[in-house]
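The structure appears right after this line, and notes come after that.
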Amino acid sequence: MAGAVLLDADDYVKDVTDPKKTKPGVKAVKSICASCDIACNVAIEVKDGKVERVRHSDNPMFRDNICMKAVAAPSGFNHETRITKPLRRVGERGSGQWEEVSWDEAMADIGKRLNAVIDQYGPEAWAVTTSQWNTGTDHGLGRRIMNHVGSPNWISGVALCAGNTAAVNRMTYGWFPAADIGNSKCIVLFGHNPKKHSWVPIHNQIQRAIKNGAKLIVLDPRKSENAEQADIWLPLKAGSDAAMCLGWLKVIFDEGLYDRAFVEKWTIGFEELRERVNEYPLERVAELTGCEPEAIAEAARLYATGGPSVIPWTPITDMQRNSTSGIRLQSILRAVCGHLDVPGGDVLQGFHPDIVPESDIEMHYKLSIEQQDKQLGSDKHPAFTYRGQRPFLEPGKRVWGREYNNQLTGCFMANPTETFKAMAGEGDYPVKAFFLLGNNPLMSYANMPRILKGMMNQDLIVAHEQFMTPSAQLADYILPGDSWFERPWLTDSFGWMSFYRVSQQAVEPRGEAKSTFEFWRQIATAIGRPEIVPWATIEEFYDYRLEKTGMGFKEFSEKHEIFFTKPHFKKFEQTGFATPSGKVELKSSVLEDLGFDPLPYFREDLEPSEEYPLTMFTGVREDEYFQTGHRHIPEMRKRCPEPYLFVSPAMADKYGLVEDEWAVVENSLAAIEMKVGIRENMPDDLVRVPHGWWKPETETGVDFLSSAYKHSDAMLCLDDEDHLDWEQGIPHLKGLSCRVRMLSAKDT
Ligand SMILES: Nc1nc2c(c(=O)[nH]1)N[C@H]1C(S)=C(S)[C@@H](COP(=O)(O)OP(=O)(O)OC[C@H]3O[C@@H](n4cnc5c(=O)[nH]c(N)nc54)[C@H](O)[C@@H]3O)O[C@H]1N2
Ligand SMILES: Nc1nc2c(c(=O)[nH]1)N[C@H]1C(S)=C(S)[C@@H](COP(=O)(O)OP(=O)(O)OC[C@H]3O[C@@H](n4cnc5c(=O)[nH]c(N)nc54)[C@H](O)[C@@H]3O)O[C@H]1N2
Ligand code: SF4
Ligand SMILES: [Mo]
């Protein structure tokens, strides 16, 4: 880590906010940062084909949206450890030894071996994991090829983050709404904690709304940065969000604070919901959540009457064993309080009328129903699979103009746990070929030991990556991925909102790095199906998508930084909702038909045991890193060199935990090592475990995995049925039992 300067976090962005500081001879290129998944518009300054610096956008609309990760990005992408040539495994899987090959050689072999797996086991034996946003240019092309070939087994980190929220929101009102934070009068954050260096645009929107008089309600067991600023802070128990929502509804119904006219005209199942909610009197909710009844009631009243209010999307309820109920309850609150599709509320945006969306590029209709039904997880946990989302095809067409509306890419996914079981030989059928693009799957789902077993059991693993991640270390081929400096980009806001933004290519790719667009184009050719991706270049592909605007990509990207139509509210008054009934389904017909409780409920939380008396959650993102990435960047690593667990002073006293010393966190699955951070704002019964730690500077190969065994939270994340949400089958990361002790000499 030599040479890195330790700056105050804000110093990184202070210097880059003044465009006058652009040096002579330097060209500023319009770009979108993809160093995390919120995609800020920024500018890249280029001289002699090299990136000089990343600074804020010239457009005043985006001026404040930049964080230190963007400023440090050149250091990250120019790093000596970046993979710049295709690599082929030498020796056994996970040997850690590689030889350089050409793209052509790699593709020829990959195509042959993928076809062999498909011939022997069927197309469903090919699974892909990706995270659309990191790679930017995937644009649904992976899905398109899989749909043509016949595999439904696509998974992504969005199963634990926003993709699943989209799928579950559809069960209530047919589309996942986006919060109009800027015009809102009351903002409710369920744990979600955007900061100056963590999703800065959302942080800025919240700050502006507060300046304009909006109230802030924060639900968080820890006094987070947003909780500090809140008008009401509810320090609820980890994992109890759904119980809290039931309590809010109880107050709102009992006190008549809901929008009666909307409920009568636009909802079904109100009486049944009301009966269910009556099972949750405030005393019970207070016990389940650990919050004061009066504070719960006060927050509920403010949300219902202080509007227009928003409940912005939060990943916190995406990762709980009550996730489906939690997400459904948030959607029900929006609807019954009249905050749905109104200015300052949660808005159903739909598609942009003039641009071909990724939902169309994916061509899901090409995948036969027979193959769709083989999707792993469909039977046990169908909520976001083809089976669970099929009832929305006809309503989607009626309201939004197309059958397959793949919002946040989360509406037609296989279940990750079931996919890893199939890879490990523990499923209904084998998965034998696994592709990973811009995702570090070993560490970004639950139960890393089983993911490892599954990966070691593959005939073919192909990684499209920038760095030698623990997952890439297990591949047969690693193909070098380009960076967001090195490609143009047309983003469609995750297929969630109707606006598009553009990024221009600033510099040439390093070495032989290529985009995911190019990766998929070459894969289609390698398997003998070039017609599936008929565009020769990404610009040509964008030209096709933009045809209706009358502009090619070049002109479009020069003219526009953001492209949208005028917002239009209460569209449901013309079209109804995109649910089977056309109404807001407080009682979900789809969940009922799938054999689940159609009403939201609270499955009481897991009790800590004598052996594992503490409760932990994974989360509180570090400002310096995005997810499992960036630990190689010296400037960032110097600021945050080691993984830290957080405990309260009382917990530290009780268990003899010493600040800045190494401790062990363990549960029934594994034990990992973290340094101890004693934090006044932690409650006395809760441990914070950070996500995504490995050390790129340490030894590679399956025996070491660059210290991922030692530090990855995924080692501790359980995925037995007790720890999975019933409807979706996603794991409980907010309220796991564990114990903590100091690391002793015998551990090392
Ligand atoms: N156990 C556990 N799992 C989790 C979470 C958790 O807290 N705990 N959090 C969940 C959440 S909130 C999310 S959003 C997901 C995130 O899941 P992902 O967004 O998939 O994040 P990572 O798994 O860190 O994988 C990112 C990888 O992409 C690579 N990469 C970055 N940019 C590019 C690019 O342009 N091209 C290519 N080819 N590669 C690129 C990086 O080097 C990195 O290795 O994970 C979820 N999974
Ligand atoms: N710098 C940086 N910024 C990022 C990311 C990053 O990796 N680095 N990742 C991005 C991504 S993909 C995501 S999803 C977001 C995640 O970021 P956030 O949505 O802000 O989530 P976290 O930081 O994991 O945790 C937020 C809060 O949840 C609280 N919490 C823990 N358990 C519970 C619970 O059961 N209920 C409730 N209500 N609260 C709970 C914690 O105390 C914590 O204060 O950040 C994004 N921004
Ligand atoms: S918050 Fe930071 S890392 Fe994320 S997109 Fe914006 S500038 Fe990039
Ligand atoms: Mo996320």
Side-chain angles (χ1 to χ4, degrees), residues 34-38 67-69 76 83 129-138 156-163 189-195 197-200 202 218-227 234-241 244 313-320 326 416 436-448 463-467 469-472 479-484 486-487 513-516 519 617-630 632 646 681-683 686 688-692 712-717 731-735:
S35 282
C36 90
D37 52 2
I38 203 74
C67 84
M68 63 176 153
K69 290 184 290 305
I83 294 168
T129 179
T130 179
S131 143
Q132 300 277 66
W133 212 238
N134 299 337
T135 56
T137 48
D138 179 286
S156 161
V158 301
L160 299 177
C161 180
L189 299 175
F190 278 88
H192 193 30
N193 187 33
K195 292 175 286 175
H197 296 274
S198 170
W199 277 6
V200 62
I202 310 291
V218 173
L219 302 97
D220 195 315
R222 195 180 67 104
K223 194 156 196 189
S224 67
E225 288 77 355
N226 281 282
L234 293 176
L236 79 177
K237 283 187 203 164
S240 70
D241 298 70
M244 179 64 79
W313 161 75
T314 169
I316 309 304
T317 36
D318 290 352
M319 306 175 186
Q320 297 182 13
L436 39 132
L437 291 94
N439 174 235
N440 185 2
L442 266 180
M443 304 175 58
S444 61
Y445 297 97
N447 198 344
M448 177 167 146
H464 186 256
E465 246 304 343
Q466 295 167 331
F467 294 96
T469 63
S471 307
L479 295 165
D482 63 1
S483 77
W484 55 272
E486 299 159 357
R487 61 188 178 226
K514 293 188 194 300
S515 67
T516 27
F519 173 87
F617 70 91
T618 75
V620 184
R621 303 306 189 208
E622 273 115 359
D623 284 352
E624 290 77 6
Y625 308 120
F626 176 63
Q627 308 298 89
T628 73
H630 296 168
H632 67 285
F646 297 162
N681 66 354
M682 285 296 291
L686 195 61
R688 172 266 185 168
V689 172
H691 170 50
S712 165
D713 63 311
M715 289 292 290
L716 296 181
C717 298
H732 189 59
L733 308 189
K734 310 289 173 193

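Order of appearance sets the numbers: ligands from 1, and atoms from 1 within every ligand. Counting begins at 1 with the first residue of the sequence.
Shortest non-hydrogen contact noted between Glu465 and Ala472 is CG-CB, 4.4 Å. Annotation for Asp318 and Ala162: closest pair OD2-N, 2.6 Å, computed over non-hydrogen atoms.
Where the criterion is an N or O separation shorter than 3.5 Å, residue side chain and backbone included, Asp713 meets it with respect to ligand 1. When only interatomic distances are considered, the shortest N/O to N/O separation between Glu465 and ligand 1 falls below 3.5 Å. Taking only nitrogen or oxygen atoms, main chain and side chain alike, Thr516 does not reach within less than 3.5 Å of ligand 1.
Under the 3.5 Å distance criterion, with hydrogens and angles disregarded, a donor-acceptor pair is assigned to the side chains of Asn439 and Ser444. For the residue pair Thr516 and Thr137, a side-chain donor N or O sits within less than 3.5 Å of a side-chain acceptor on the partner.
Judged by the shortest distance from any of its heavy atoms, Met443 lies inside the 4.0 Å radius around the atoms of ligand 1.
Without hydrogens or angle criteria, Thr618 side chain to Val689 main chain gives no donor-acceptor distance under 3.5 Å. Put simply, the side chain of Lys223 never gets that close to the backbone of Met682: no donor and acceptor are under 3.5 Å apart.
Not counting sequence neighbours, the partners of Tyr625 by the ring-ring contact (aromatic ring centres under 6.0 Å, His included) test are Trp693. For Phe467, the ring-ring contact (aromatic ring centres under 6.0 Å, His included) criterion is met by His632, not counting sequence neighbours. Partners of Asp623 according to the side chain to side chain contact (heavy atoms under 4.5 Å, CB included) rule, which considers only residues two or more places apart in sequence or in another chain, are Met68, Lys195, His197, Ser198.
Annotation for ligand 1: atoms under 4.0 Å from non-hydrogen atoms of Thr469 are 44 (O). Below 4.0 Å from some heavy atom of Asp482 lie the following atoms of ligand 1, by number and element: 34 (C), 35 (O), 36 (N). Ligand 1 places these atoms under 4.0 Å from at least one heavy atom of Arg487: 34 (C), 35 (O).
Trp199 and Trp313 have tilted rings, their planes meeting at an angle from 30° to 60° on a 0 to 90° scale.
Contact residues of ligand 2 (protein heavy atom closer than 4.0 angstrom to a ligand atom; sorted by chain and number): Asp37, Lys69, Cys161, Phe190, Gly191, His192, Asn193, His197, Ser198, Trp199, Leu219, Asp220, Pro221, Arg222, Ser224, Leu236, Ala238, Gly239, Asp241, Trp313, Pro315, Ile316, Gln320, Phe617, Gly619, Val620, Arg621, Glu622, Asp623, Tyr625, Phe626, Gln627, Lys734.
Contact annotation: for Trp484 versus ligand 1, there are no heavy atoms closer than 4.0 Å.
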